[in-house]
Amino acid sequence: MADDDPEGCAALGAAIAAATEPELASAAAWRDNQAVAVALQMLIQDAGYPKAVVHPFGSCVSGLADVHADLDLACDMDGAEDVRAPPGEDRAVAVVGRRLHELPFEALEVVAQTRVPIIKNDPGTRRAAAGKTRGKEHLLYGAKFDLCFRLNGVFNSRLLRRYFSRDAALRVAGVYLKRWAKRVGAVDPRYGMLSSYALALMLVHSALRSGEAPLIPAQEYADVDVHGALPPLAAPPADPYGRAVFEEKVGRVVRGFFAHFTGGFDYESEVVTVRTADVRLKLDMGWAAPRSISRHDTLKDLHLAIEDPYEHRGRYRVDTRAPEGRNVACNVRRREFDQLMRLLEHGAREHGVEEPERRVDPGDGKLYTRAQFMRWYDSPAQWDAAKREKKKKKKTKKPDAKAGVKPARAPELADSEVQPDGDEGPPAAAPRLAEASFAEEAAALAWYDEEETVWQWQLAEL
């Protein structure tokens, strides 16, 4: 679809490159990040972990960092380079946290009640809240960083670096999409939306499927050296011909991303992966349940499935015989998934992506895109209405037999109307696609159309 409009892709890519390239992180920022990592490593070694090694990871390593990016750090306490959670992780967080609290950090905080405990320092928020205007202090104390004690992010970031370092167009498109996603709210894991890492995997996946990026061989996954030098990032070309090709590819990659995730990707059965350029199914990952299990219960977190390339200890496995894997988007619930689909569809229209192919819903005979069909099929509003109807029936008072009023006799049901034992099915008052659900959805979509000026932004204003 993007190949049919090279001029449109070139114009879009030129605007994206002009707005994004000045915001890319510089080499000086990377040197500062390395200095912070070395300083923290020395402090952790003094706290009782002499073999500790601190590695930068995240956007500063993958190549998707801009001038506003924070620093992600991972501490290998014993130098074993094991991606699994270390046995003394909680104790290490407490010990290192106490040691760092003795130093004049501006906004140090230990966050232990999470899946991955971290120590974070966010001096910008503290200074803004206190209204301080003093100059920059020591580089370490004034740095904004998150420190964890697991190495998954180090391997993942270096793997993504191999993709983004080879192609400047893919890197610029990735930085631009991350900024767009943060602007509209598609990237915010605190509220059940995507993480920046999940968005990067989605971009690489769409580029692999469209042929815009070459697949990294499986052997290179095992050859990632956390101590080795990072491959240099490819710079955008300066000559006129190379620049024109570069800008056209940037627009093509961005349009391909929106086209793939609004019309080409099957959310119900496929998995976002960077291990292969072919289709990978949830069934292959052991993330698909039998039809007898309601996906609103067992698989409620699998509306969007994104495979982590390295972490193979998952929570959402149904078939124990299938290979394990962690779903990077396991925090995206049903309602947040609906919102994400709306944002992607709105972004597709903004970037000139053609309307995706629609199919007929047998429930009402109307045409819907694949993303819309996934959103409305067995929607929460329908099932909530069904549950409310059931509760109303249970709360209805039965006639009092002591008062001499005989209860009404239930009508006889035909054999075809009798439900199997243990499967009551949805009540008759709530059809598969209820009119109330469509009314609510139509009102929501109308609200988004009215607020289009809020979400819409011009590339020239970035």
Discussion item. One pair to check against side chain to side chain contact (heavy atoms under 4.5 Å, CB included): L40 and V96. What are the steps and the verdict?
Written reply: CA-CA 10 Å; L40 276 176; V96 175; over 6 Å; no
Discussion item. Before you tell me yes or no, could you show the steps for H351 and L12 under side chain to side chain contact (heavy atoms under 4.5 Å, CB included), namely the whole-Å CA-CA distance, both residues' side-chain angles and the distance that decides it to 0.1 Å?
Written reply: CA-CA 8 Å; H351 294 83; L12 177 63; 4.0 Å; yes
Practice prompt. Before giving the answer on side chain to side chain contact (heavy atoms under 4.5 Å, CB included), spell out for F105 and L140 the whole-Å C-alpha distance, their side-chain angles and the decisive distance to 0.1 Å.
Written response: CA-CA 8 Å; F105 283 95; L140 173 62; 3.9 Å; yes
Worksheet item: Atom CG of L71 and atom CG of D146: how far apart are they, to the nearest 0.5 Å?
Response: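 So the CG of L71 and the CG of D146 are separated by 8.5 Å.
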Non-hydrogen atoms of [X] and [Y] that approach each other most closely:
{"X": "L64", "Y": "A200", "answer": "CD1-CB, 3.8 Å"}
{"X": "L151", "Y": "A74", "answer": "CD2-CB, 4.1 Å"}
{"X": "P123", "Y": "A143", "answer": "CD-O, 3.6 Å"}
{"X": "A198", "Y": "V328", "answer": "CB-CG1, 3.8 Å"}

Indicate yes or no: at least one non-hydrogen side-chain atom of [X] is less than 4.5 angstrom from one of [Y].
{"X": "V36", "Y": "D32", "answer": "no"}
{"X": "V38", "Y": "Q41", "answer": "no"}
{"X": "L283", "Y": "S269", "answer": "no"}
{"X": "R150", "Y": "F57", "answer": "no"}
{"X": "R255", "Y": "D5", "answer": "yes"}
{"X": "M202", "Y": "L194", "answer": "yes"}
{"X": "L344", "Y": "L340", "answer": "yes"}

Would a distance-only check, ignoring hydrogens and angles, find a side-chain to backbone donor-acceptor pair under 3.5 Å from [X] to [Y]?
{"X": "H260", "Y": "G256", "answer": "no"}
{"X": "R158", "Y": "G228", "answer": "yes"}
{"X": "R161", "Y": "V61", "answer": "yes"}
{"X": "R99", "Y": "A47", "answer": "no"}
{"X": "Q45", "Y": "A52", "answer": "yes"}
{"X": "N331", "Y": "M193", "answer": "yes"}
{"X": "S206", "Y": "L203", "answer": "yes"}
{"X": "N121", "Y": "Y141", "answer": "yes"}
{"X": "K282", "Y": "Y267", "answer": "yes"}
{"X": "R252", "Y": "P6", "answer": "no"}

Item to complete: Measure centre to centre between the rings of F257 and W180, then say whether the value is under 6.0 Å.
Response: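 When the ring centroids of F257 and W180 are compared, they turn out to be at least 6.0 Å apart.
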Do the side chains of [X] and [Y] get close enough for a salt bridge, i.e. N-O under 4.0 angstrom?
{"X": "D167", "Y": "K249", "value": "yes"}
{"X": "K178", "Y": "D66", "value": "no"}
{"X": "E247", "Y": "R243", "value": "yes"}

Worksheet item: Run the side chain to side chain contact (heavy atoms under 4.5 Å, CB included) check on V254 and F258 step by step: do they pass?
Response: CA-CA 7 Å; V254 171; F258 285 107; 3.8 Å; yes
